[in-house]
Amino acid sequence: MAAELTAHQLIDRHRPTLDQALETIRTRAYWSPHPEHPKAYGENGSLDTAAGKAAFDALLGTRLDLGQPGTDDWVGGEVSPYGVELGVTYPHADVDVLLPAMRAGQKAWREAGPELRAMVCLEVLKRISDRTMEFAQAVMHTSGQAFMMAFQAGGPHAQDRGLEAVAYAYAEQVRTPDTAEWTKPQGKRDPLALTKRFTPVPRGIGLVIGCNTFPTWNGYPGLFASLATGNAVLVKPHPRAVLPLALTVQAARAVLAEAGFDPNLVALATERPGEGIAKTLATRPEIRIIDYTGSTSFGDWLEANARQAQVFTEKAGVNTVIVESTDDYQGMLSNLAFSLSLYSGQMCTTPQNLLIPREGIRTDQGAKSYDEVTADLARAVDGLLGDDARANALLGAIVNPDVKARLEAAAGLGEVALASREVTNPDFPDAVVRTPVIVKLDGAKPDDEAAYTSECFGPVSFAVAVDSADHAVRLLRHSIREKGAMTVGAYTNDTQVEEAVREVCLEEAAQLSLNLTGGVYVNQTAAFSDFHGSGGNPAANAALCDGAFVANRFRVVEVRREA
C-alpha cells in the first residue's frame, strides 16, 4: 500500500523525541513531552476542554467502525460511573478471521526494523496527544476518575508510559548490531571468516487485557512495547471501559495505514455481556504475549494456563505505610490524607495499612499516641474533603458496585476512626461518591489479621496498632511476601528503623517511599524515572518499565554465511 507518511518524514518528526526519551531513562531525571496542564491543549490543532467535551459527546450513541476484518456483531453497553449511558457500539470479532488477518502484516512490520517501528509508535502517541481532551472525557466516563485526574493520568501520564515502553523496546533491540564481520585466525592457514546478520523477530500476537480503572495508563506500556518490538497487538478492553482503548486502536490503525503498513497489526476485541472472551483469547496458539492488569485470581489463572504466551501481570497487593516518627507531623498528615483520598483509593498504589506503634510516635509537635495519630489523620482527611466541590475533584466516582460494597462492609471490621460520607455531585447526580473510611485494628489480634492482610480495594484504610517498630517491620515483610505490594511508605527519623524497612523492601522487592510530606505522594509514579511495581513480589510479575518488560517480546535470529 502507498505510504502517505514516509520513513524520512517520521524520523525527522520523532527521532529527537526518542533520543531524549533514551537519555532520560538512562539518567532517571524529570522530563515529559506531554504537558500536564489543560491550558497547553488549546493550540496547534489540539483540543481545548470545550472542544474535547464536544468530541466526546459526538461519540455518544454512535457505532465506532474500525474497519476490522471478521466483524460479526456490534456490542456495547458502557454506563459511566457518573450516570451517563455512553451508547457506543464496537465491532465484535470472529477471532478465526481476525487473528490470521493480524498475522498477515507482520513480515513487513518486522522488516521495517526497530527505528521505523519506534517512529510509527511515536506518531500514534502524537495523534493521541492531539486528542488528549477527548480521551480525558472518555477515561473520566469509563473509570469514574474526576476530570483533572482523567486528563492527567489518562492523557499525558499514559502517553509518557507508552513512550517510555517504546524507548526501552528500541534500546533492547539495537543492543545487538545489525551485522558483524567475524574472523577467527587459524595460524598458518587462512582465517575463518563469516558475515553475520542479526534480526529482532516478534514472538507473535500480543494480547492486552485492559482494566476498568486506568484503561490507558495501564494499557499503553504493553501495547506499545509489543508493537515496537514487531508484534501485532489485539486489545481486549474491560467491558466497562472500552471507549478509551477503542479510540487508541482507531488512532493506531490510521497511522499504520498512512505509513504503508497493514492496519490490522492493531485490532480491538470486545465481548458480548457475560461472554468472557479473555480466557478464550489468552489460550489461543496465535497469542504469544499477554499484558494484564486486574484481579489476582485471574492473573494467577493466566500465569498457570496461558502456557504458550509470555505473560506480564499486574495484580493486587496490600500496600503498607509504617508511621514510626516524623519531624513534620502536619506535612505527614496532609500527605497521607491526600494519598488515601485520591480517586477514592481506587488505585493499585493506594496505601491500605498504616502500621502505628500502640505506644505512639515522636513528632516535631511532641509525642503523639496511637489514638491521637489516628484521630488527627481522620481530621486531616475530613479537612481535605470537607468542601464538596474539592471532594468531587479529588474523589471522582466509585467505579463499580463491588467497591461500594467493600466500603460499606469495612465499617463492621473494627472501631471506625473516620466514617465514610456520601458526597453529592451537582453535575452528575447519579454518581456514587464516597469519602474514605479509616478503621482501627490491632496487629496483635488474630481476628483483625484477616482484615488487614487481605486487599480491600477502594477507599478503605486500616490504622493497625503494632507493638513496636520491629513488630511493624515484621508485619511489613510478611505482608509483602505473602500478598505483595505495589508501594511501601515509611515515616521515621530513626536510622536503624529506616535501614530495617529499606532492607525488607530490597529483600522482598517492593518500591519504597520515605518521609513524603510535600507534593509527591506514595501512590504516584513518574514515567522515565520511577518504576511501577518491581516484578519481584506477588503484586506483579513485571515492572513498568524496565528492560525485562520488553526484552522477552522478541527474539534475535542470526543468519550467517562465509565471507
Side-chain angles (χ1 to χ4, degrees), residues 319-345 349-388 390-391 394-395 407 410-411 413-421 423 434-445 448 451-452 456 458-469 471-473 475-476 487-494 497-498 501 513-524:
N319 302 319
T320 299
V321 176
I322 291 178
V323 181
E324 189 271 338
S325 56
T326 179
D327 59 7
D328 184 358
Y329 186 59
Q330 288 303 320
M332 179 191 79
L333 294 174
S334 296
N335 192 280
L336 284 173
F338 189 92
S339 296
L340 301 184
S341 302
L342 186 61
Y343 184 32
S344 301
T349 50
T350 299
Q352 174 178 300
N353 294 338
L354 309 174
L355 306 185
I356 307 166
R358 67 180 76 254
E359 299 302 321
I361 70 172
R362 303 182 313 279
T363 82
D364 56 316
Q365 297 182 14
K368 298 287 184 179
S369 69
Y370 163 81
D371 287 334
E372 287 176 314
V373 174
T374 306
D376 289 344
L377 179 58
R379 278 191 288 271
V381 174
D382 249 350
L384 178 67
L385 303 176
D387 176 75
D388 281 2
R390 176 189 279 188
L394 285 175
L395 296 170
L407 170 62
L413 297 174
E415 181 186 344
V416 175
L418 175 66
S420 176
R421 71 178 181 90
V423 178
R434 298 289 188 274
T435 61
V437 64
I438 300 177
V439 179
K440 297 166 74 171
L441 297 175
D442 193 322
K445 290 184 177 180
D448 287 357
Y452 67 77
C456 192
V460 178
S461 292
F462 301 115
V464 182
V466 295
D467 296 335
S468 63
H471 185 202
V473 172
L475 287 179
L476 173 66
T487 57
V488 174
Y491 291 90
T492 180
N493 294 327
D494 187 312
V497 173
E498 178 180 320
V501 174
S513 297
L514 288 167
N515 297 318
L516 298 181
T517 57
V520 176
Y521 305 94
V522 67
N523 45 350
Q524 296 175 319

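The structure presented is a predicted model; accordingly, all values stated were derived computationally and were not measured.
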Non-neighbouring partners of A375 that pass side chain to side chain contact (heavy atoms under 4.5 Å, CB included), sequence neighbours left out
R379
Which residues pass the side chain to side chain contact (heavy atoms under 4.5 Å, CB included) test with R390, not counting sequence neighbours?
L384, D387, L394
Any side-chain heavy-atom pair of V501 and V473 under 4.5 Å
yes
Within a strict 4.5 Å, meaning less than it, do heavy atoms of the V321 and L355 side chains meet?
no
Sorted by chain and number, sequence neighbours left out, ring pair (Phe, Tyr, Trp, His ring centres under 6.0 Å) with F462 holds for none
Taking every heavy atom of R421 against every heavy atom of G386, the minimum-distance pair comes out as NH2-O, 3.7 Å
Distance alone, cut at 3.5 Å: any donor-acceptor contact between the side chains of D328 and Y491?
no
Are P351 and V522 close enough that some pair of their side-chain heavy atoms sits under 4.5 Å apart?
yes
Within the 4.5 Å heavy-atom criterion, are V464 and L354 side-chain neighbours or not?
no
Within a strict 4.5 Å, meaning less than it, do heavy atoms of the Y521 and L342 side chains meet?
no
Quick one, Q352 and V460 - any side-chain contact, counting heavy atoms below 4.5 Å?
no
Taking C-beta and beyond as the side chain, do Q524 and T349 meet within less than 4.5 Å on heavy atoms?
no
Using a strict threshold of under 4.0 Å (side-chain N to carboxylate O), is an ion pair present between D371 and K440?
yes
